[in-house]
Amino acid sequence: MIHFVILISRQGKVRLTKWYSPYQQKERATAIRELSSLILTRGPKLCNFVEWKGYKAVYRRYASLYFCMCVDQDDNELEILEIIHHFVEILDRYFGSVCELDLIFNFHKAYYILDEILIAGELQESSKKIVARLIAAQDTMVETAKAEAGSVSNMIAQTM
Amino acid sequence: MEQLKTIGRELAMGSQGGAWAGQSKEFLDLVKSIGEARSKAEEDRIILREIESLRRRIAEPDVPRRRMKDYIIRLVYAEMLGHDASFGYIHAVKMTHDDSLPLKRTGYLAVTLFLNDDHDLIILIINTIQKDLRSDNYLVVCAALTAACKLINEETIPAVLPQVVDLLAHPKETVRKKAVMTLHRFYQRSPASVSHLISNFRKRLCDSDPGVMGATLCPLFDLITEDVNSYKDLVASFASILKQVAERKLPKTYDYHQMPAPFIQIKLLKILALLGSGDKQASGQVYNVLSDLFRKCETSSNIGNAVLYECICCVSSIYPNVKLMDAAIEATSKFLKSDSHNLKYMGIDALGRLIKINPDIAEEHQLAVIDCLEDPDDTLKRKTFELLYKMTKSSNVEVIVERMIDYLISIDDNHYKADIASRCVELAEQFAPSNQWFIQTMNKVFEHAGDLVNSRVAHNLMRLIAEGFGEDDEGADSQLRSSAVDSYLRILGEPKLPSLFLQVICWVLGEYGTADGKYTAAYIIGKLCDVTEAHLCNDTVKAYAISAIMKICAFEIAAGRKVEMLPECQSFLDELSASHSTDLQQRAYELQALLCLDSQAAGNVMPLDASCEDVEIDKDLSFLINFVQQSIEKGANPYLPESERLGMSGVSNFSSPYQQEASSHSLRFEAYELPKPSSIPVIPQPFISTSTTDLVLVPDTTYYRENNQASKLIVGPEASSADAGIKLRLDGVQKKWGKPTYSSSSSITTSVEKTTNGVVAHQDGIRSHSRDTTYDSRRQQPEVSVEKQRLAASLFGASASKTEKKATMAQKAPKGNSTNAEKSSVVRSVSPGTSKDKTAPPPDLLDFGEPVPTSAPTIDPFKELEGLIEPASALGPLYNTVKTGGDKAQDLMALHMDTPPSVSRTSLSLASEGTYSTDKSSYTEKPMIAVKKGPNLQDALHKDATARQVGVTPTGNNPNLFRDLLG
């Protein structure tokens with residue numbers, strides 16, 4: 001099971017955190033601090049896994065951003081590595097060659113996408129196309145809602 | 001640079017009006033200023049300022065909803081950066097009530113990020129989730145399900161459970177998938193509340209949508225982990241699904257880097273590994289598809305390797321199969337030889353799994369393993385330690401534990417330190433070559449990680465010193481003890497020692513400090529007093545110290561010598577008599593009392609070296625029967641158990657409805673029924689009972705108290721007998737304090753230790769032999785550094801001799817042949833043993849015969865042989881089950897795929913038949929060889945020694961066999 005997902009920049013700035021197991025605010029802060037000091041200092045050729053408090057953190061670096069997932073001891077690390085990549089590919093498809101800034105300014109969208117990929121710490125959908133279709137459906141809902149809101153306010157304005 | 005990029009990006013976005021649109025300028029400014037912050041402190045300042053302004057503005061009346069959404073997103077941002085935004089939680093909760101989907105989703109997103117499932121506000125969201133789960137819009141339902149996964153706790157599961165179950169049949173596959181995952185989450189939270197719905201998971205496995213099927217594998221994996229046996233019927237289905245997935249029968253959209261649905265494959269392999277574990281029949285159904293996977297997996301991509309690794313795990317878990325083992329070994333060696341650290345790491349892990357089945361494999365990769373051990377990458381190093389831990393045996397324990405302790409000293413990660421320390425201890429306890437070494441090792445572990453070790457370990461050490469290694473040789477035991485005493489007296493000079501270690505030291509010094517007469521009582525007592533002064537020790541250590549002093553005094557008195565009180569001891573005693581801890585006080589007073597006893601009494605109170613003797617406790621206090629009898633005759637009331645005492649007074653009348661109320665007290669989520677006039681007295685039943693308890697509550701408690709007092713008064717004799725009981729019990733406790741006893745466990749553990757000891761002795765004899773052979777091999781491989789070679793030799797034992805053999809063999813014949821030849825020779829080596837020694841239990845011989853030991857302990861090897869002799873009977877049922885499996889798979893396929901079911905069925909059954917026949921032939925081959933070859937005693941002894949060195953250690957069952965073989 002995936003216990004949490006964190007995205008940190010090379011400077012150690014937090015870009016996204018998602019907790020699937022209960023952690024108090026303090027525990028979250030220590031987890032982020034300890035993991036970023038562990039991960040950011042690792043050389044490029046070392047393996048993408050670190051042991052941390054009886055868990056394993058699997059991380060992968062994309063440009064200046066580190067994607068990190070904390071999993072149980074008996075999980076398949078290579079699989080987790082690919083789940084990260086799966087997430088990144090979907091982000092990439094959604095934003096169109098995604099960069100760190102997309103995630104910074106649209107972190108809530110990144111959350112929505114993550115919610116379609118992982119649920120309760122498990123991979124729920126491994127088809128990129130289906131995730132993309134769902135996100136698109138949600139986005140169009142937002143659009144139509146906006147249009148409706150516009151028309152309603154128009155009507156109100158007209159009646160006034 | 002980054003700023004420039006930001007601006008450029010923003011300009012681009014501005015012209016496009018694309019993905020970033022819809023956020024307020026304030027939010028963009030906030031994010032930008034955070035991005036430009038140069039330090040954590042500056043970032044904190046910005047966020048705190050933002051939180052302050054949000055706190056003010058969010059509380060304003062009539063905030064427009066879209067503005068509110070923006071505020072909440074900013075709160076999420078602040079919370080993500082580690083600040084407290086709890087003042088805004090309620091607004092996020094309110095937003096989930098909103099009718100418009102975008103706002104609702106924002107609300108749900110915020111609450112799932114803000115709240116853990118035990119938060120008080122969740123109760124306010126339940127109603128919304130309930131409503132949304134019934135929504136016509138599937139996107140609303142999806143949002144609600146996602147939120148339910150995070151927020152619903154054990155108490156609130158009943159509120160949404162019926163609706164989630166209904167959603168399992170929703171027309172939209174996305175909804176079905178999320179409903180499955182939500183149920184899975186509920187199952188994790190509280191298995192009991194979902195247990196009646198488990199059949200739904202089985203049904204969803206046959207869902208027409210592969211995504212739903214894939215999601216169902218998650219809960220099934222958990223369920224199967226809990227209870228393997230109820231799911232054995234699904235083995236064929238799982239195997240068939242895996243086969244279809246591997247044959248690319250799923251839609252192309254599930255492909256990932258040219259692999260067909262690898263994540264589903266991995267999940268299936270995990271499940272099959274569980275189901276096939278130790279089950280020959282179930283494993284038989286998996287062999288085929290596994291060998292397919294090994295063939296098909298491409299090793300160029302990461303995901304291919306992930307699947308391959310999972311295949312290895314599966315092979316190592318299910319009932320062993322020679323062909324699959326070979327494939328798994330080959331894949332593992334590819335991992336180990338890879339340049340990628342990730343793959344090396346997986347290779348080490350895989351090797352650790354495979355050596356459980358066949359310990360010989362490790363030798364082939366010894367140099368790769370040592371490279372990993374010396375790699376600068378800490379992760380890889382730790383993984384390798386894990387492997388070493390798994391392959392430790394008495395021949396290499398010294399090297400491995402030494403390495404581990406070196407590493408233990410070098411790191412400062414407390415969590416891992418504790419981990420590796422406990423491993424060292426475990427290995428030392430299991431494989432220690434000598435007592436001396438054991439004590440030294442334990443001392444080192446305690447010294448460097450003392451506070452991290454489990455206190456059980458300390459107790460084990462004390463017990464070991466007390467009992468010796470279970471040998472009858474008293475001399476060796478006392479030698480062990482005096483060497484322990486020596487080492488502890490030396491270690492006490494160290495400036496800082498962990499408390500647990502001090503406890504051990506105190507106990508050993510008290511028990512055995514004066515036993516060999518080397519040190520005087522005064523010297524040891526002085527040292528013990530120093531301990532409490534020099535080290536800042538807690539009450540426990542002090543208690544150990546004073547008990548130790550007491551023991552030494554008692555021994556002295558019993559031996560008829562006079563104990564003179566040292567001044568430091570006296571002051572220590574005075575300090576403890578005035579201690580706040582009653583325990584320490586008691587011990588101090590006990591010591592003072594003991595000093596006044598004569599030698600006879602002192603000897604009885606603290607017998608010499610009696611820590612291993614059982615202290616009998618008379619639980620029934622039978623010696624008090626007379627006393628009770630007398631009291632009753634004098635007119636005292638007989639004792640009544642507490643339940644009766646309460647029952648007769650009628651308190652239960654009041655308390656029982658109250659208890660019921662308490663037990664049934666939980667939240668109700670369904671709407672209250674409309675009151676009907678006819679059923680008035682029935683409906684509010686719980687309220688009636690509460691009201692009565694409310695009314696009677698005050699008198700009730702007073703009455704209860706009275707009653708209690710009364711019972712106390714009444715049972716005078718019982719109370720006094722209890723007093724006597726306490727006194728008497730104190731005697732027992734006193735002994736306990738004097739010598740921490742482990743009486744209950746001691747008898748069992750000694751027997752275990754004895755058997756392992758027998759093994760240790762044997763192994764010692766062989767080790768010298770193996771060293772000779774390793775020297776030979778070293779000369780043959782000059783290209784590898786001498787030091788590494790030495791390490792390899794000491795780690796892998798007889799390995800070198802084997803590699804040498806393999807090198808020569810490889811020139812003559814392909815690899816498979818050479819192992820075969822070896823196999824036969826090993827078998828040959830055993831057969832004379834059987835003819836010589838009829839008493840030896842045969843199962844172990846079989847183990848010897850096959851280098852891939854059929855390790856499953858529950859399966860009788862004889863039955864297996866029977867199955868081979870009468871293949872028809874053994875194959876019959878197997879074949880049948882496969883067939884039915886095919887039937888079951890059939891509807892699956894019909895739903896999933898366009899393949900005509902009949903074709904796939906025949907192909908499946910045909911293929912399985914094929915494997916069985918090949919299996920059969922490979923099995924029958926081995927006994928044949930064993931029969932053909934004649935006995936050769938010399939060879940047999942040699943082979944036996946190597947086999948044992950390699951790790952096929954003799955078990956306690958047949959020590960006689962080995963004694964005979966070795967002469």
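Throughout, protein chains are lettered first and strands after them, A, B, ... in sequence-line order, and every chain is numbered starting at 1.
With salt bridges taken as basic N to acidic carboxylate O contacts below 4.0 Å, none links Asp255(B) and Lys129(A). Salt-bridge formation is detected for the pair Asp377(B)/Arg42(A): a Lys NZ or Arg NE/NH1/NH2 atom is positioned less than 4.0 Å from an Asp or Glu carboxylate oxygen. With salt bridges taken as basic N to acidic carboxylate O contacts below 4.0 Å, none links Glu79(A) and Lys267(B). Look at Arg28(A) and Glu79(B) and you find no salt bridge, because none of the NZ, NE, NH1 or NH2 atoms lies under 4.0 Å from a carboxylate O.
For Leu113(B), the parts lying near chain A are the backbone and the side chain together; criterion is any non-hydrogen pair under 4.5 Å. For Asn137(B), the part lying under 4.5 angstrom from a heavy atom of chain A is the side chain only. When heavy atoms are compared at a cutoff of 4.5 Å, Thr146(B) approaches chain A by way of both its backbone and its side chain. Looking at Leu81(B), only its side chain comes within 4.5 Å of chain A, counting heavy atoms on both sides. Contact annotation for Ile130(A): only side-chain heavy atoms (C-beta onward) come within less than 4.5 Å of a heavy atom of chain B. Proximity to chain A is limited to the side chain of His415(B), based on heavy atoms less than 4.5 angstrom apart. Heavy atoms closer than 4.5 Å to chain A are found nowhere in Lys252(B), neither backbone nor side chain. For Lys26(A), no part sits under 4.5 Å from any heavy atom of chain B, backbone or side chain. Contacts between Tyr77(B) and chain A at a heavy-atom distance below 4.5 Å involve backbone atoms as well as side-chain atoms. When heavy atoms are compared at a cutoff of 4.5 Å, Met346(B) approaches chain A solely by way of its side chain, counted from C-beta outward. Heavy atoms of Glu77(A) lying under 4.5 Å from chain B belong to its backbone as well as its side chain. Looking at His83(B), only its backbone comes within 4.5 Å of chain A, counting heavy atoms on both sides. With a 4.5 angstrom heavy-atom cutoff, Phe107(A) touches chain B only via side-chain atoms. The part of Ile266(B) that comes within reach of chain A is its side chain, from C-beta onward, which places non-hydrogen atoms under 4.5 angstrom from that chain. Interface remark: Leu81(A) contributes side-chain atoms only to the contact with chain B (heavy atom separation under 4.5 Å). No part of Ala29(A) comes within reach of chain B, as not one of its non-hydrogen atoms sits under 4.5 angstrom from that chain. Residue contact with chain A, scored on non-hydrogen atoms closer than 4.5 Å, involves the side chain of Leu343(B) exclusively.
A tilted orientation is assigned to the rings of Phe263(B) and His86(A), their planes being inclined by 30° to 60°.
A 4.5 Å side-chain heavy-atom check between Asp75(A) and Lys270(B) finds at least one atom pair inside the cut-off. Side-chain contact check for Gln124(A) versus Val180(B): every heavy-atom pair is 4.5 Å or farther apart. Here the side chains of Lys40(B) and Lys13(A) are not in contact, with every heavy-atom distance at 4.5 Å or above. Side-chain contact check for Ile104(A) versus Ile34(B): every heavy-atom pair is 4.5 Å or farther apart. Here the side chains of His108(A) and Val76(B) are not in contact, with every heavy-atom distance at 4.5 Å or above. At least one side-chain heavy atom of Tyr256(B) sits under 4.5 Å from a side-chain heavy atom of Lys128(A). Inter-residue side-chain proximity for Gln11(A) and Arg38(B) is flagged as unmet; no heavy-atom pair is nearer than 4.5 Å.
Interface remark: of the candidates Gln138(A), Glu51(A), Gln25(A), Gln138(A) forms the most heavy-atom pairs closer than 4.5 Å to chain B. Heavy-atom pairs under 4.5 Å with chain A peak, among Arg382(B), Glu43(B), Lys383(B), at Arg382(B). The residue among Tyr112(A), Tyr23(A), Trp19(A) with the most heavy atom pairs within less than 4.5 Å of chain B is Tyr112(A). Here Ile83(A) is the residue among Ile83(A), Asp139(A), Ile32(A) with the most heavy-atom pairs under 4.5 Å with chain B. Annotation: maximal heavy-atom pairing with chain B below 4.5 Å, among Pro22(A), Gly12(A), Ser9(A), Ser21(A), occurs at Pro22(A).
Distance NZ/Lys177(B) to CG/Leu134(A): 6.0 Å, rounded to 0.5 Å. If you take CZ on Phe105(A) and CG on Leu28(B), they are separated by 6.0 Å, rounding to the nearest 0.5 Å. In this structure, the separation between OH on Tyr254(B) and OG on Ser127(A) is 5.0 Å, given to the nearest 0.5 Å. How far OH of Tyr111(A) is from OG1 of Thr106(B): 13.5 Å, rounded to the nearest 0.5 Å. Interatomic distance, CD1 of Ile119(A) versus NZ of Lys150(B), reported as 12.5 Å (0.5 Å rounding). Atom CG of Leu78(A) sits about 6.5 Å away from atom CG of Asn305(B), to the nearest 0.5 Å.
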### Task
Assess whether side chain to side chain donor-acceptor pair (under 3.5 Å) is satisfied between Asn302(B) and Glu82(A), documenting all intermediate values.
CA-CA 7 Å; Asn302(B) 205 9; Glu82(A) 289 312 293; 2.8 Å; yes
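Side chain of His341(B) to main chain of Lys45(A): a donor-acceptor pair is present (N/O by atom type, distance under 3.5 Å, no hydrogens or angles). No side-chain donor-acceptor contact under 3.5 Å links Asn76(A) to the backbone of Tyr309(B).
Smallest separation of non-hydrogen atoms from Lys178(B) and Asp115(A): NZ-O, 3.8 Å. Residues Met181(B) and Leu123(A) share a closest heavy-atom pair of CE-O, 3.8 Å.
Between the side chains of His257(B) and Glu89(A), at least one donor-acceptor pair of N or O atoms lies under 3.5 Å.
More than 12 heavy-atom neighbours from other residues, nucleotides or ligands sit within 6.0 angstrom of CG on Asp74(A).
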